[in-house]
There are 2 protein chains.
Amino acid sequence: MSDHIGMTIGEVAQRSGVPAKTIRYYEDAGVIGRALRGENKYRTYSDSDVQTLRFIHRARSLGFSLKEVTDLLALYRNRRRTSREVKKIALAHVAEIDRKIAELTAIRKTIANLAERCRGDDRPDCPILDEFEALDL
Amino acid sequence: MSDHIGMTIGEVAQRSGVPAKTIRYYEDAGVIGRALRGENKYRTYSDSDVQTLRFIHRARSLGFSLKEVTDLLALYRNRRRTSREVKKIALAHVAEIDRKIAELTAIRKTIANLAERCRGDDRPDCPILDEFEALDL
DNA sequence: GATAGGCCTTCCAGTAGATGGAAGGTCAAG
DNA sequence: CTTGACCTTCCATCTACTGGAAGGCCTATC
């Protein structure tokens, strides 16, 4: 594991997949804490910041709101919360994720079904296109 | 199965979980076709419209853009596309969904791990909160 | 030492995807 | 005959970015 301790915003942007501008926005919006500044006033990031940003990136692309992500990250950071409370919130999130996985699986089935019934030739349509039955999840 | 053939927007909103205002917005935005109007100029919907709206609702909540959803629905509607093309696009979507499922599974693991390590008592924090290692997906 | 590129700041504009409200009108049920 | 649900159009607000401009500092290269 390389110890990239003094990364610039550009480097961390490239590593995390989150644009520099969006990282600054997240800082403003309180999703992530205010980044430490070097002597040159540049923001400095570590590997764990890259992890956090990747986490945010993933969660956002999976339909979690910025508020949900913020709360989730706060869950990890806030030492004043009781173990009971953290556990309760975390388990609620797990349940929500299981629901999302089930829904994705349903949509996958619908689309895979469409693909399956397509002959894959030059004919103008797939049999299933006539009816909207495929959306019958 | 009840044959709700002449549903109003309010009824379909309630059944699909998509607010009436949003349904009108989807019509404007070309996500769904212009709804048939009754003699009273009211939009009329059928059961299949409810299915479609539920599909849109799910897909949106899972991080698909409105454009992606629109294209996906067009895939079912457009009879001019070749079977080959439909199959190709459908399979690409299946691959994307599999990726999303994998990411959700990773996030689930992270959060379940946090919950697991919480004692669930009144102590002020969970052991894992000290380090950000839990995000090491 | 000049020039280029990455960073800093602040600010303002625009986009997507809704969501809410107001204005003004129709319609069907109690 | 008054509610309540629908119709229309329009305009404002919100979230979560994304982009650009202005003005300035840092760092590396020619």
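Residue numbers begin at 1 in each chain, while the letters A, B, ... track the order of the sequences. As the structure is a prediction and not an experimental result, all values here were calculated from the model. These values consider heavy atoms only, across backbone and side chains, with no hydrogens, waters or symmetry-generated copies.
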Rounded distance (Å) that lies between atom [atom2] of [N] and atom [atom1] of [X]:
X: R24(B); N: dC11(D); atom1: CZ; atom2: P; answer: 18 Å
X: I9(A); N: dC8(C); atom1: CD1; atom2: C1'; answer: 10 Å
X: E27(A); N: dC7(C); atom1: CD; atom2: C1'; answer: 13 Å
X: E11(A); N: dC26(D); atom1: CD; atom2: C1'; answer: 16 Å
X: Y45(A); N: dG6(C); atom1: OH; atom2: C1'; answer: 14 Å

Run the salt-bridge test on E27(A) and K21(A) with the 4.0 Å N-O cut-off and return the result as yes or no. no

Decide yes or no for R24(A) and I9(A): does some side-chain heavy atom of the first lie under 4.5 Å from some side-chain heavy atom of the second? yes

For DNA chain C, which residues in residues 35-43 of chain A have a heavy atom at a distance below 4.0 Å? R37(A), K41(A), Y42(A), R43(A)

Net bend of the helix from dG17(C)-dC14(D) to dG30(C)-dC1(D), end axes of five pairs each, nearest 10 degrees: 30°

Indicate if I32(B) and L66(B) have the same hydrophobic cluster label, given that clusters are the connected sets of ILVMFWY residues with side-chain heavy-atom separations under 4.5 angstrom. yes

Decide whether L62(A) and V31(A) are clustered together by the hydrophobic rule: side chain heavy atoms of Ile, Leu, Val, Met, Phe, Trp, Tyr closer than 4.5 Å, transitively. yes

Is it the case that over 12 heavy atoms from other parts of the model lie below 6.0 angstrom from the CD atom of E68(A)? yes

Neighbour count above 12 (heavy atom, 6.0 Å) for E96(A) CD: yes

Would you call the rings of F55(A) and Y76(A) parallel, tilted or perpendicular, where under 30° means parallel and over 60° means perpendicular? perpendicular

Partner of S46(B) under side-chain contact (heavy atoms from CB on, under 4.5 Å), chosen from D49(B), T44(B), V50(B): D49(B)

Audit row: E103(A), R60(B), salt bridge (charged side-chain N to carboxylate O under 4.0 Å, His left out) steps and yes/no: CA-CA 11 Å; E103(A) 289 188 349; R60(B) 289 288 300 125; over 6 Å; no

Quick one: closest heavy-atom pair of P19(B) and A13(B), and the distance? C-CB, 4.2 Å

Which letter, B, S or -, goes with each nucleotide of nucleotides 13-21 of chain C from 5' to 3', with contact meaning a protein heavy atom under 4.0 Å? ----BBSBB

What's the spacing between T82(A) OG1 and K87(A) NZ if we round to 0.5 Å? 11.5 Å

